[in-house]
Protein chains: 2
Amino acid sequence: MKAPWQPPMVEIRLVDVLEALADPIRLTMVARLSSAGSEKCTDINADTHVHKSTMSHHYRVLREAGVTWTVVQGRERWISLRRADLDALFPGLLDSILGAATLQVQAPTRRD
Amino acid sequence: MKAPWQPPMVEIRLVDVLEALADPIRLTMVARLSSAGSEKCTDINADTHVHKSTMSHHYRVLREAGVTWTVVQGRERWISLRRADLDALFPGLLDSILGAATLQVQAPTRRD
DNA sequence: CTAACGGTTGGATGATTGGCCAACTATCCA
DNA sequence: TGGATAGTTGGCCAATCATCCAACCGTTAG
């Protein structure tokens, strides 16, 4: 099976990473992955009410930004954080974001 | 003069901060502010080719996300980073982002 | 071989964004 | 009082985004 495109470490851009993380759903996904280590799409999707194609879209955004790494195994996709790459490129970034994310309730995020 | 709206510390949301920083122009502004300490709009705008109303838009995004603090002084607006607030809420976040931002050339950010 | 499974893709839609321009507000100076 | 200065606001536009649905594709199980 053709592996989905994911950027080499050198091509990971800070702005893209930030943009990928600047979404409640994706931030939750990343927080989840950080404790789970690696999960397949169904599991990540399990707790949400979101359509699977929407989730697929979010998988892609994270993957193409260089935040996650996807491995195809049979008919499943295993997704994990690119911790080593991200830590090397942006030391402390992931830790501080994850720390803040778990601290801050994932409540309605928009001001009105 | 009526001060522009800026959120109290308690209302600052991680996702909004990330979203505010997930833009090349705004990221550059924040990097600049971090070394300058405090600047008025004209100075921040000085090096850019961007229309002043566009910059005004970016000032607002940063301000309403809680990233910057704006003080009106006469007919000028002095903008600074809300370092203390952000550091207290999201320890290490600003440092790691600024570190990464200055390291990474502000080159074209989009993959094609 | 065929059906079910896991996930992606394409299309449609409504909301949001970033950009510019012109007009406006508020302040200061002469 | 009448500019000039500093920045915001509203209108508009093109581009992007998140979401859903339906159709699809590759893999495994019966």
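Residue numbering restarts at 1 for every chain, and letters A, B, ... go by the order of the sequence lines. Owing to the predicted nature of the structure, the values given are computational and were not obtained by experimental measurement.
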Residues which pass side chain to side chain contact (heavy atoms under 4.5 Å, CB included) with [X], listed by chain and number, not counting sequence neighbours:
{"X": "A/Val71", "value": "A/Trp69"}
{"X": "B/Pro7", "value": "B/Trp5, B/Glu11, B/Ile12, B/Arg82"}
{"X": "B/Ala31", "value": "B/Leu98"}
{"X": "A/Ser38", "value": "A/Trp78, A/Ser80"}

>> The criterion is side-chain hydrogen bond (donor to acceptor under 3.5 Å, both in side chains); which residues satisfy it with B/Thr42, sequence neighbours excluded?
In response: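 Checked B/Thr42 against side-chain hydrogen bond (donor to acceptor under 3.5 Å, both in side chains); zero matches.
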
> Looking at residues at least two apart in the chain, or sitting in another chain, which of them share a side-chain hydrogen bond (donor to acceptor under 3.5 Å, both in side chains) with A/Ser56?
Replying inline: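 Listed in chain order: nothing, the list is empty.
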
>> Do B/Tyr59 and B/Ile44 have side chains that approach each other closer than 4.5 Å (heavy atoms only, starting at C-beta)?
In response: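 B/Tyr59 vs B/Ile44: side chains touch.
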
[X] [atom1] to [N] [atom2], straight-line distance once rounded to whole Å:
{"X": "B/His51", "N": "C/dA22", "atom1": "NE2", "atom2": "C1'", "answer": "9 Å"}
{"X": "A/Asp23", "N": "C/dT16", "atom1": "CG", "atom2": "C1'", "answer": "13 Å"}
{"X": "A/His58", "N": "D/dT16", "atom1": "NE2", "atom2": "C1'", "answer": "14 Å"}
{"X": "B/Glu76", "N": "C/dC29", "atom1": "CD", "atom2": "C1'", "answer": "14 Å"}
{"X": "A/Glu64", "N": "D/dT16", "atom1": "CD", "atom2": "C1'", "answer": "14 Å"}
{"X": "B/Glu19", "N": "C/dG18", "atom1": "CD", "atom2": "C1'", "answer": "13 Å"}
{"X": "B/Arg26", "N": "C/dG19", "atom1": "CZ", "atom2": "C1'", "answer": "12 Å"}
{"X": "B/Met55", "N": "D/dT9", "atom1": "CE", "atom2": "P", "answer": "16 Å"}

> Between C/dG6, D/dC20, D/dG7, which nucleotide gets closest to the side-chain atoms of A/Val50?
Replying inline: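 Within the option list, the nearest is D/dC20.
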
>> Given B/Ile79, which partner from the list B/Asp43, B/Leu33, B/Val67 fulfils the side-chain contact (heavy atoms from CB on, under 4.5 Å) test?
In response: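 Among the candidates, only B/Leu33 passes.
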
> In this structure, which one of A/Leu62, A/Asp23, A/Ile25 forms a side-chain contact (heavy atoms from CB on, under 4.5 Å) with A/Val30?
Replying inline: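 Only one of A/Leu62, A/Asp23, A/Ile25 forms a side-chain contact (heavy atoms from CB on, under 4.5 Å) with A/Val30, namely A/Leu62.
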
> For B/Arg83, what residues pass the salt bridge (charged side-chain N to carboxylate O under 4.0 Å, His left out) criterion, not counting sequence neighbours?
Replying inline: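 Per chain and number, B/Arg83 pairs via salt bridge (charged side-chain N to carboxylate O under 4.0 Å, His left out) with B/Asp87, B/Asp95.
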
Identify each atom pair where a protein N or O and an N or O of nucleotides 3-5 of chain D are less than 3.5 Å apart, giving names and distance.
| residue | atom | partner | partner atom | Å |
| --- | --- | --- | --- | --- |
| D/dT5 | O4' | B/Arg75 | NH1 | 3.1 |
| D/dT5 | O2 | B/Arg75 | NH1 | 3.1 |

Identify the pairs formed between an N or O of the protein and an N or O of nucleotides 9-14 of chain C at a distance under 3.5 Å, and give each distance.
none

>> Based on the rotation axes of five pairs at each end, what angle does the helix from C/dC1-D/dG30 to C/dA30-D/dT1 bend through, to 10°?
In response: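 Comparing the first five pairs with the last five, the axes sit 20° apart.
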
> Could you give all pairs that pass the salt bridge (Lys or Arg N to Asp or Glu O under 4.0 Å) test and reach residues 28-41 of chain B, with sequence neighbours left out?
Replying inline: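 Residue pairs with at least one partner in residues 28-41 of chain B: B/Arg32-B/Glu39, B/Arg32-B/Asp47, B/Lys40-B/Glu76.
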
>> For the OG1 atom of B/Thr70 and the CD atom of B/Gln73, what is their distance to the nearest 0.5 Å?
In response: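 Answer rounded to 0.5 Å: 12.5 Å.
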
>> Quick check for you: to the nearest 0.5 Å, what is the distance between B/His58 atom NE2 and B/Thr54 atom OG1?
In response: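 Those atoms lie 6.5 Å apart.
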
> Quick check: does any side chain N or O of A/Arg26 sit under 3.5 Å from a backbone N or O of A/Ala20, one acting as donor and the other as acceptor?
Replying inline: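 Such a contact is found between A/Arg26 side chain and A/Ala20 backbone.
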
>> Tell me which residues in residues 30-47 of chain B lie within less than 4.0 Å of DNA chain D, going by non-hydrogen atoms.
In response: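 Result for residues 30-47 of chain B: B/Lys40, B/Cys41, B/Thr42, sorted by number.
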
